[in-house]
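Written below as C-alpha cells is the structure these notes are about.
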Protein chains: 2
Amino acid sequence: MSNKKVPESTISRLFLYLREITELAKINIKTISSSELGDRTNLGDAQVRKDLGYFGQFGVTGAGYSIADLKKSLEKILGKDKKWNVALIGTGHLGTALLAYSGFGRHELDIVAAFDADAKKIGKKFGDITVRPISELEKLTKEKNITLSIIAVPAAEAQGVAETIIKAGIECILNFAPVSLNVPEGVKVRNVDFSRELEILSYFAANKGNGRETLK
Amino acid sequence: MSNKKVPESTISRLFLYLREITELAKINIKTISSSELGDRTNLGDAQVRKDLGYFGQFGVTGAGYSIADLKKSLEKILGKDKKWNVALIGTGHLGTALLAYSGFGRHELDIVAAFDADAKKIGKKFGDITVRPISELEKLTKEKNITLSIIAVPAAEAQGVAETIIKAGIECILNFAPVSLNVPEGVKVRNVDFSRELEILSYFAANKGNGRETLK
DNA sequence: CGAAGTCTGTGAAAAATATCACAAAGTATC
DNA sequence: GATACTTTGTGATATTTTTCACAGACTTCG
C-alpha cells in the first residue's frame with residue numbers, strides 16, 4: 001500500500017468499481033480481472049489496478065480479484081460499513097425528488113431530516129420525515145448525529161444556507177444550487193449542477209464536426 | 001488564440017465565468033479583472049486568463065475585461081446564441097423535477113418532449129408537454145430538431161434507452177442513471193450521479209482527521 | 001505628458017493524473 | 001511437475017492540467 005496522496009478521481013472511481021462488483025456478486029460471479037472490470041466501467045485495466053493499489057493488494061496474480069473480498073474491502077475503505085445521516089435543505093421540486101429517490105437508501109446514506117425556509121412548507125410530511133424550519137437545523141444535527149447535508153434551494157439563498165449548515169457543525173455539503181459556494185478551510189463541498197452539465201453538452205453539440213469533437 | 005486542445009474542464013469553467021458576469025451585468029458593473037473573477041469563482045486569476053486564452057484575447061491590459069463584451073464572446077463560444085432542443089426520457093420523480101426546473105429555460109435549453117416506457121404515464125401533461133411512448137422518440141427528434149437528451153430512467157433500463165436515443169440520431173446524452181453507459185465513438189455522454197457524489201462526501205466524512213482531509 | 005501603478009497574455013515550471021510495460025507470481029493443463 | 005498462460009502490482013514514462021512569473025501594454029493621476 002502506497003503512502004501517496006489519493007486523487008479524488010480515484011475515490012470516485014472506486015465507487016464505480018464497487019457498484020459494478022455488487023451487481024456481479026448478485027448474479028453469483030466469484031472473481032473478476034482488472035481488464036474485465038476496466039471494460040465494464042470503460043476505464044481500462046491499468047486504471048483499475050492503479051486505483052486499487054493506493055489502498056493495498058487485493059488481487060491474486062494470474063487469477064484476478066475475489067469479488068466477495070474486494071467488495072468487503074472497498075466498502076470498508078469507502079466508509080460504507082457505517083451509516084451516514086443526511087440533512088436536506090430545500091423541499092421544492094428537486095428536494096422532494098431527492099427525498100423520494102430510492103438510490104440513497106441502498107447506500108447507507110439516509111436523509112433523516114428536511115428543512116425549508118418557506119413557512120407554508122413547514123410540517124409537511126414525506127414518508128416519515130416532517131419538514132422543519134431551518135432554525136432547527138443545529139438542534140437536529142446534534143440530536144440525529146447528522147454529518148452530511150444537501151442544499152436544494154434557489155441560487156440566491158444557497159450561500160446563506162451553507163453558512164447555517166456550517167454553523168450547525170456539518171462539514172460536508174452536496175450543493176445543487178448553481179453558485180460557487182464560499183466555505184472555510186476544512187469544509188468539503190461537492191457541486192451537482194444539471195444546467196451546467198447540459199450546457200456543456202450543448203457546447204459539444206455546437207462544435208460537432210469543426211474539429212473539436214475529439215475534445216476529451 | 002492558441003490552437004491547442006481545449007480541456008473539458010476549461011469549458012466547464014467558462015460557463016461558471018459566464019454565469020458570474022451575467023449576474024454582474026444585471027447590477028450594471030462594467031468591467032472585471034481576472035483576479036476578481038477568479039476570486040468570485042474560487043478558481044484563481046491565472047486559471048481565468050488561461051481558460052479565456054484558449055479562445056482569444058478578450059481583455060484590456062491594465063483595465064481587465066469589459067463585462068458586456070466578454071459576456072457576448074462567451075455566449076458565442078459556448079453556443080448560447082443558439083437554441084437547443086432537449087428530449088427527456090423518464091418521467092418519474094427526477095424526470096418531473098427536471099421538467100419543472102426553471103434553470104433550463106433561462107439557458108436556451110428547452111425540454112421540448114418527454115417520453116416514458118410506462119403505459120400509464122403516456123398522455124400525462126406537464127405544462128405544455130405531453131408524455132409520449134419511447135417508440136415515438138425517433139419521429140419527434142426529426143420533427144422538433146432535438147439534439148440533446150436526458151436519461152432519467154432506472155439504472156436497469158438506461159443502456160437500452162441510450163441505444164434508442166442514439167438510433168434516433170441524438171449524439172449528446174445527459175445520464176442521471178447510476179450506470180456506465182456504453183456508447184459508440186462520437187456520442188458524448190455526461191453523467192450526473194447524486195448518490196455517488198453523496199457517497200464521495202461520506203468518504204471524506206469517514207476520513208476526517210486521519211490525514212486524508214487535505215485530499216484534493 | 002511622464003511616472004507609477006494595474007492587469008493581461010503566455011511561455012516555462014510544477015504538479016497531478018493516466019498509461020505503459022514488464023517482472024514476478026500465480027493458475028491451468030497435460 | 002514442467003510448460004504455457006494469465007494477471008497482478010508498480011516503477012517508469014507520457015500526458016494533461018494547473019500554477020507561476022514576468023514582459024509588455026494600457027490606465028490613471030498629478
Side-chain angles (χ1 to χ4, degrees), chain A residues 1-17 21 24 29-70 73-74 77 180 200 212 214-216, chain B residues 1-17 21 24 29-70 73-74 77 180 200 212 214-216:
Chain A
M1 171 160 169
S2 127
N3 259 353
K4 289 191 60 183
K5 200 175 56 149
V6 182
E8 187 155 334
S9 48
T10 289
I11 304 301
S12 177
R13 285 188 298 264
L14 290 180
F15 282 103
L16 231 48
Y17 305 147
I21 63 173
L24 296 172
I29 294 177
K30 299 301 182 198
T31 63
I32 191 169
S33 68
S34 59
S35 60
E36 171 72 8
L37 189 50
D39 282 354
R40 285 176 168 271
T41 50
N42 299 315
L43 292 164
D45 57 325
Q47 186 79 78
V48 171
R49 293 197 300 278
K50 197 66 152 185
D51 285 338
L52 296 176
Y54 283 109
F55 293 93
Q57 303 181 186
F58 305 102
V60 178
T61 318
Y65 301 87
S66 149
I67 286 187
D69 291 355
L70 184 56
S73 301
L74 285 178
I77 292 165
S180 307
I200 293 168
R212 288 220 189 89
T214 52
L215 226 157
K216 207 185 170 198
Chain B
M1 171 161 166
S2 127
N3 259 349
K4 287 189 62 180
K5 200 175 55 152
V6 182
E8 188 155 335
S9 47
T10 289
I11 303 301
S12 178
R13 285 188 298 263
L14 290 181
F15 281 103
L16 231 48
Y17 305 146
I21 61 174
L24 295 172
I29 294 177
K30 300 299 182 199
T31 64
I32 190 168
S33 68
S34 60
S35 60
E36 171 71 10
L37 188 50
D39 282 354
R40 285 177 168 271
T41 51
N42 298 316
L43 292 164
D45 57 326
Q47 185 80 77
V48 171
R49 293 197 301 276
K50 197 63 150 187
D51 286 339
L52 295 176
Y54 284 110
F55 293 92
Q57 303 181 185
F58 305 102
V60 178
T61 318
Y65 301 87
S66 147
I67 287 189
D69 290 356
L70 184 57
S73 302
L74 285 177
I77 292 166
S180 307
I200 292 167
R212 288 222 189 87
T214 52
L215 225 156
K216 206 184 173 201

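For the numbers below, each heavy atom of this structure counts, side chains included, while hydrogens, waters and symmetry mates do not. Naming convention: chains lettered A, B, ... in sequence-line order (proteins, then strands); numbering from 1 in each chain. Worth saying up front: this structure is predicted, and the values here are computed from it rather than measured.
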Item to check | Minimum-distance pair of heavy atoms, taken over all atoms of A:Tyr17 and A:Val48 | outcome: OH-CA, 3.5 Å
Checklist entry - Once you round it to whole Å, what is the distance between P of C:dG9 and CG of B:Asp51? => result 12 Å
Checklist entry - Just how far, in rounded Å, is C1' of C:dG9 from CG of B:Asp45? => result 12 Å
Next on the checklist: So, taking the atom named OG1 in A:Thr31 and the one named CD in A:Glu36, what distance separates them when rounded to the nearest 0.5 Å?
Outcome noted: 9.5 Å
Item to check | Phosphate OP1/OP2 of D:dT7 contacted by A:Ser34 side-chain N/O (<4.0 Å) | outcome: no
Next on the checklist: Distance check needed: C:dT8 C1' versus B:Glu36 CD, whole Å only.
Outcome noted: 16 Å
Checklist entry - Which of these nucleotides, D:dT8, C:dT8, D:dT17, is closest to any side-chain atom of B:Tyr65? => result C:dT8
Checklist entry - Atom CG of A:Leu37 and atom C1' of D:dG9: how far apart are they, to the nearest Å? => result 15 Å
Checklist entry - Checking all strands, does B:Ser9 fall into the base, sugar-phosphate, or nothing category for heavy-atom contacts under 4.0 angstrom? => result sugar-phosphate
Checklist outcome for this item: Between the CG atom in B:Leu14 and the CD1 atom in A:Ile200, the distance rounded to the nearest 0.5 Å is 9.5 Å
Checklist entry - A:Ile29 and A:Ile67: which non-hydrogen atoms are nearest, and at how many Å? => result O-CD1, 3.5 Å
Item to check | Separation of D:dT7 P from A:Gln47 CD (nearest whole Å) | outcome: 19 Å
Item to check | Rounded distance (Å) that lies between atom C1' of D:dG9 and atom OH of A:Tyr54 | outcome: 13 Å
Next on the checklist: Looking at every heavy atom in both B:Asp69 and B:Ser66, which two are closest together, and how far apart are they?
Outcome noted: N-OG, 3.1 Å
Checklist entry - Out of D:dT16, C:dC22, C:dT19, which has the shortest distance to the side chain of A:Arg49? => result C:dC22
Item to check | Side chain of B:Thr61 (C-beta onward), nearest among D:dA25, D:dA12, C:dG9 | outcome: D:dA25
Checklist entry - Whole-Å distance between C:dT17 C1' and A:Leu52 CG? => result 16 Å
Next on the checklist: Closest approach to the side chain of A:Lys50, judged atom by atom: which nucleotide of C:dA21, D:dC26, C:dT19 is it?
Outcome noted: C:dT19
Checklist entry - Side-chain N or O of A:Gln57 less than 4.0 angstrom from OP1 or OP2 on D:dT8? => result no
Checklist entry - A:Ala63 near the nucleic acid: base, sugar-phosphate alone, or nothing, with a heavy-atom cut-off under 4.0 Å? => result sugar-phosphate
Checklist entry - What integer distance in Å separates B:Phe58:CZ from C:dG9:P? => result 9 Å
